[in-house]
Amino acid sequence: MSDAGTAVGEGGRDHIRDVIRDDVAAGRVGTVVTRFPPEPNGHLHIGHAKSICLNFGVAREFGGRCHLRFDDTNPVKEELEYIESIQRDVRWLGFDWGGHLHFASDNFEQLYDWAEHLIGAGKAYVDDLSADDIRAHRGTLTEPGRDSPYRDRTAEESLDLFRRMRAGEFADGARVLRARIDMASGNINMRDPVLYRILHAPHPRTGDDWCLYPTYDFAHGQSDAIEGVTHSLCTLEFADHRPLYDWLVENLPVPSRPRQYEFARLNLSYTVLSKRKLVQLVEDGHVGGWDDPRMPTLAGLRRRGIPPAAIRDFVRRIGLTRSDSMVEVGVLEHCARELLNKTALRRMAVLRPLKVVIENYPEGETENLQAVNNPEDASAGSREVPFSREIYIEREDFMEDPPRKFFRLAPGREVRLRYAYFLTCREAVRNDAGEVTGLRCTYDPASRGGKSPDGRKVKATLHWVSAAHAVAAEVRIYDQLFTRPDPGAGGDILGDLSPQSVDVLRECRLEPSLADAVPGEPVQFPSVHAHSPGGRRFRPWPALAAEPILAAGLAVLPDGGPG
RNA sequence: UGGGGCGUAGCCAAGCGGCAAGGCAACGGGUUUUGGUCCCGUGAUCGCAGGUUCGAAUCCUGCCGCCCCAGCCA
């Protein structure tokens with residue numbers, strides 16, 4: 001275990017680890033080899049984190065290895081940019097593939113040879129039917145399919161055609177290579193699935209070398225076999241493909257015999273994890289980009305200040321099963337809070353400033369007070385915070401006519417200024433419109449540090465910032481992107497977008513030490529009772545986890561859940 | 001009416017024939033220089049109905065419900 005939460009790779013007990021344990025115990029596999037196989041057509045999100053933690057975690061637990069393999073078989077959708085970002089995100093999450101960076105495209109030549117092998121064995125044929133005709137022949141869920149008129153053409157003819165497909169003689173969609181399996185199978189994936197299609201498109205890695213590309217089904221299992229993957233772990237929707245996966249691996253002279261096992265994909269409340277929908281959010285400008293703090297992408301979570309160890313802990317907690325489930329975001333938020341509470345530095349920041357003049361504090365004087373960096377961690381030390389006659393406190397920490405349950409400042413009431421002094425409100429200052437523009441207060445010089453010598457108590461502790469020393473900043477408060485736990489379930493995803501999921505506060509005042517904040521290092525603003533843009537009150541913590549581009553005057557507040 | 005999966009508390013999830021782990025959430029109470037943290041306390045007879053058994057969430061049968069599959073996407 002390194003930092004709080006789970007160490008990289010720590011796993012539990014589940015149906016997949018049970019199988020692997022048995023395989024190892026029975027001597028069926030020597031070195032356990034897994035792989036995380038993203039298609040480079042989008043950014044990784046929290047759902048992928050589940051698979052990444054599983055694959056890399058299992059490899060580590062069993063002393064094996066995990067490969068990072070890009071399933072780059074569809075050049076029309078894939079881009080180099082994603083190949084880079086995916087590697088960066090996997091590393092950020094805390095995993096390392098060593099020298100095992102692979103690409104399905106590394107195997108294109110071998111896969112092509114195996115396709116010819118299948119043709120030669122009478123187990124695959126070139127079909128001239130159009131995509132529409134193939135669909136029409138496929139049958140339905142309850143009716144068997146019909147043979148293509150080209151299904152029985154000779155191996156020689158298919159081979160000739162297949163070679164000419166590679167040579168570029170035909171247009172996209174003109175012909176495909178199909179496996180000859182069973183058009184009457186109840187499993188539609190076995191009704192002569194397409195193995196190769198013509199695509200005159202440049203590939204991010206192989207350029208113009210090919211004009212026909214293998215489908216996922218033809219590339220995945222064979223790539224596993226080439227790499228020596230022993231346990232090919234994927235989500236439930238591929239369970240239907242397992243018979244095909246097995247059929248191919250059994251009918252081809254592959255160097256090893258991988259096995260596929262499935263687990264349920266992650267569903268998180270109040271967000272969407274489908275690549276198509278995430279792309280839509282980005283492309284239609286509903287968010288600032290893939291790394292918008294409201295996005296469930298790893299890049300977005302990172303900007304929101306959620307540490308990778310919190311994500312690993314989250315994955316460990318939600319378990320691994322074969323049953324569909326919807327995990328509440330609260331679990332993720334809890335993991336982030338728990339870790340951040342132990343590690344984040346505390347700093348004072350006033351989001352909506354209200355000027356306070358301490359009338360009995362000497363004019364022009366400044367003193368430095370000691371403030372603890374993290375009450376949960378003494379080794380984090382302390383810092384000095386300047387204090388003076390004029391300070392800012394949170395506007396909402398004062399109420400002229402407070403209700404029963406309001407414990408903070410009000411006329412005549414005494415509270416504590418964190419790490420400073422006890423403060424008593426004498427009166428509110430108003431402008432012509434009658435709005436409170438400031439407070440006149442007095443302090444108790446004997447309460448320096450926040451302790452009352454006579455033992456009297458106060459019901460609240462306020463955060464504050466010295467007016468003359470404060471750093472001006474913009475703070476953004478983010479809330480959930482969607483208004484319902486199951487976005488889109490009522491029809492349109494866009495209709496469930498929260499009308500205002502971000503609030504930009506431009507008048508914030510931060511304590512001076514924040515000017516030196518390390519970008520990306522989470523910071524907590526104790527006692528900030530942030531409100532979501534929609535008015536919902538966040539828990540008083542955690543307040544900020546920064547992408548602190550504080551240099552640019554920006555800080556980010558992570559979701560806090562309803563308070 | 002085809003094939004493949006799944007059904008244990010609000011949400012996850014252990015359990016694999018012997019008297020239903022744990023986590024999150026929620027609700028009480030205590031501590032507290034964060035209305036945070038921390039601490040203590042509070043919840044299920046296991047989709048339904050039969051059957052087998054001394055005994056079943058765990059075995060059998062039949063229902064019911066939910067998810068996935070008809071891309072030349074992955």
Side-chain angles (χ1 to χ4, degrees), chain A residues 12-14 37-39 41 71-74 76-78 127 129-131 134-136 138-145 172-178 184-191 193-199 212-213 215-217 219-220 234-243 262 264 269 275-276 314 316-335 337-338 341-342 346 348 371-372 375-376 405-408 415-420 422 449-451 458-463 485 524-529 537 539-543 560-561 563:
Chain A
R13 241 160 264 93
D14 52 68
E39 181 190 14
N41 68 344
D71 265 351
D72 54 349
T73 57
N74 186 358
V76 312
K77 292 187 174 182
E78 298 154 7
D127 193 345
L129 249 30
S130 68
I134 286 181
R135 186 179 314 119
R138 189 153 28 223
T140 68
L141 296 179
T142 55
E143 300 159 20
D172 288 3
R175 294 176 222 270
V176 295
L177 180 71
R178 292 227 259 169
S185 173
N187 182 342
I188 293 179
N189 292 300
M190 298 299 270
R191 318 238 265 227
V194 171
L195 268 23
Y196 267 92
R197 74 286 212 194
I198 299 172
L199 247 32
L212 81 172
Y213 294 89
T215 55
Y216 160 84
D217 285 308
H220 199 89
C234 62
T235 46
L236 246 25
E237 61 270 29
F238 291 99
D240 285 348
H241 294 244
R242 184 160 18 99
E262 309 86 21
S269 66
K275 208 171 290 189
R276 202 203 100 243
F314 168 73
R316 183 186 59 75
R317 288 187 195 227
I318 60 176
L320 188 80
T321 68
R322 291 178 65 90
S323 50
D324 296 311
S325 64
M326 166 77 82
V327 177
E328 295 178 340
V329 266
V331 180
L332 209 209
E333 292 173 351
H334 174 269
C335 293
R337 278 199 195 89
E338 184 175 84
N341 187 52
K342 292 174 189 154
R346 272 59 166 182
M348 291 198 282
V372 170
E376 307 287 323
K405 301 287 276 182
F406 185 84
F407 308 130
R408 290 163 276 163
V415 298
R416 170 167 39 230
L417 289 177
R418 191 181 192 75
Y419 298 125
F422 277 18
K451 299 182 195 66
V458 287
K459 304 191 87 169
T461 298
L462 270 42
H463 54 286
Q524 179 189 144
F525 294 159
S527 350
V528 165
H529 297 59
R537 203 187 80 178
R539 287 195 178 183
W541 188 91

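Quick note on labels: first sequence line is chain A, next is B, and so on, each numbered from 1.
Using a 4.5 Å cut-off on side-chain heavy atoms (C-beta onward), A:Val176 and A:Ile134 make contact. Between A:Met326 and A:Pro485 there is no side-chain heavy-atom pair separated by less than 4.5 Å.
Across the interface with RNA chain B, nearest-nucleotide mapping of A:Glu143 and A:Gly330 shows A:Glu143 to be the residue nearer the 5′ end. Both A:Pro38 and A:His334 lie close to RNA chain B; mapped to their nearest nucleotides by heavy-atom distance, the more 5′-ward contact belongs to A:His334.
Distance noted for atom C1' between B:rG23 and B:rC16: 22 Å (whole Å). Spacing between B:rC11 and B:rC54 at atom C1', rounded to whole Å, works out to 38 Å. Only the P atoms considered, B:rC69 is 41 Å distant from B:rC19, to the nearest whole Å. Look at the C1' atom in both B:rC46 and B:rU32: the space between them is 41 Å, to the nearest Å. Taking the C1' atom of each, B:rG55 and B:rG17 are spaced 8 Å apart, rounded to whole Å. For the C1' atoms, the distance linking B:rG65 with B:rU53 amounts to 29 Å, nearest Å.
One interatomic measurement links the two molecules: CD of A:Glu262 to P of B:rG4, which rounds to 13 Å at whole-angstrom precision. Atom CZ in A:Arg191 sits roughly 13 Å away from atom C1' in B:rG4 (whole-Å rounding). When the C1' atom of B:rG23 is taken as reference, atom CD of A:Glu333 falls 16 Å away, rounded to whole Å. Rounded to whole Å, the distance from CG on A:Asn187 to P on B:rG2 is 14 Å. Computed from coordinates, the A:Glu338 CD to B:rG22 P distance equals 17 Å when rounded to whole Å. Atom CZ in A:Arg242 sits about 16 Å away from atom P in B:rG3, given to the nearest Å. A:Lys342 places its NZ atom 14 Å from the C1' atom of B:rG36, with the value rounded to the nearest Å. In this structure, A:Glu237 atom CD and B:rG4 atom C1' are separated by 12 Å, rounded to whole Å.
Residues passing the salt bridge (charged side-chain N to carboxylate O under 4.0 Å, His left out) test with A:Asp71 are A:Arg69, sequence neighbours excluded. With sequence neighbours excluded, the residues that form a ring-ring contact (aromatic ring centres under 6.0 Å, His included) with A:His220 are A:Tyr216. Annotation: ring-ring contact (aromatic ring centres under 6.0 Å, His included) contacts of A:Tyr419 (sequence neighbours excluded): none. With sequence neighbours excluded, no residue satisfies ring-ring contact (aromatic ring centres under 6.0 Å, His included) with A:Phe422. Among residues two or more places apart in sequence or in another chain, the salt bridge (charged side-chain N to carboxylate O under 4.0 Å, His left out) test is passed with A:Glu376 by none. Evaluation of the salt bridge (charged side-chain N to carboxylate O under 4.0 Å, His left out) rule for A:Arg175 yields A:Asp128 as partners, not counting sequence neighbours. Residues meeting the salt bridge (charged side-chain N to carboxylate O under 4.0 Å, His left out) test with A:Asp72, sequence neighbours left out: none. For A:His334, the ring-ring contact (aromatic ring centres under 6.0 Å, His included) criterion is met by no residue, not counting sequence neighbours.
Within 4.0 Å (heavy atoms only), A:Lys275 reaches no atom of the nucleic acid at all. Among the heavy atoms of the strands lying under 4.0 Å from A:Lys451 is at least one base atom, whether or not backbone atoms are also near. A:Pro144 comes within 4.0 angstrom of no nucleic acid atom, judged by non-hydrogen atoms across all strands. Counting non-hydrogen atoms under 4.0 angstrom, A:Phe406 reaches a base of the nucleic acid.
Taking only distance into account, the side chain of A:Arg337 never meets the base of B:rU37 through a donor-acceptor pair shorter than 3.5 Å. In the interface, the side chain of A:Glu376 is paired with the base of B:rG36 through a donor and an acceptor atom under 3.5 Å apart.
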Dump every N/O contact between nucleotides 56-58 of chain B and the protein below 3.5 Å, one line per pair.
none

Atom pairs under 3.5 Å, N or O on each side, protein against nucleotides 70-73 of chain B: can you list them with distances?
| from | atom 1 | to | atom 2 | distance (Å) |
| --- | --- | --- | --- | --- |
| B:rA70 | O2' | A:Arg138 | NE | 3.2 |
| B:rG71 | OP2 | A:Arg135 | NE | 3.0 |
| B:rG71 | OP2 | A:Arg138 | NH2 | 3.2 |
| B:rC72 | OP1 | A:Arg138 | NH2 | 3.1 |
| B:rC72 | OP2 | A:Arg138 | NH1 | 3.2 |
| B:rC72 | N4 | A:Leu129 | O | 3.0 |
| B:rC72 | N4 | A:Ala131 | N | 2.8 |
| B:rC72 | N4 | A:Gly173 | O | 3.2 |
| B:rC73 | OP2 | A:Arg197 | NE | 3.1 |
| B:rC73 | OP2 | A:Arg197 | NH2 | 2.9 |
| B:rC73 | O3' | A:Arg197 | NH2 | 3.3 |
| B:rC73 | O2' | A:Asn74 | ND2 | 3.3 |

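Stems are defined here as 3 or more consecutive Watson-Crick or G-U wobble pairs with pairing distances under 3.5 Å; those involving RNA chain B are B:2-7 with B:64-69, B:10-12 with B:22-24, B:26-30 with B:38-42, B:47-51 with B:59-63.
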Heavy-atom contacts, protein to nucleotides 6-13 of chain B, under 4.0 Å, summarised as B (base), S (sugar-phosphate only) or - (none) per nt, yield S---BSSS
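Distance check: A:Arg197 CZ to A:Thr73 OG1 gives 5.5 Å after rounding to the nearest 0.5 Å.
B:rG5 adopts an anti glycosidic conformation, its chi angle falling more than 90° from 0.
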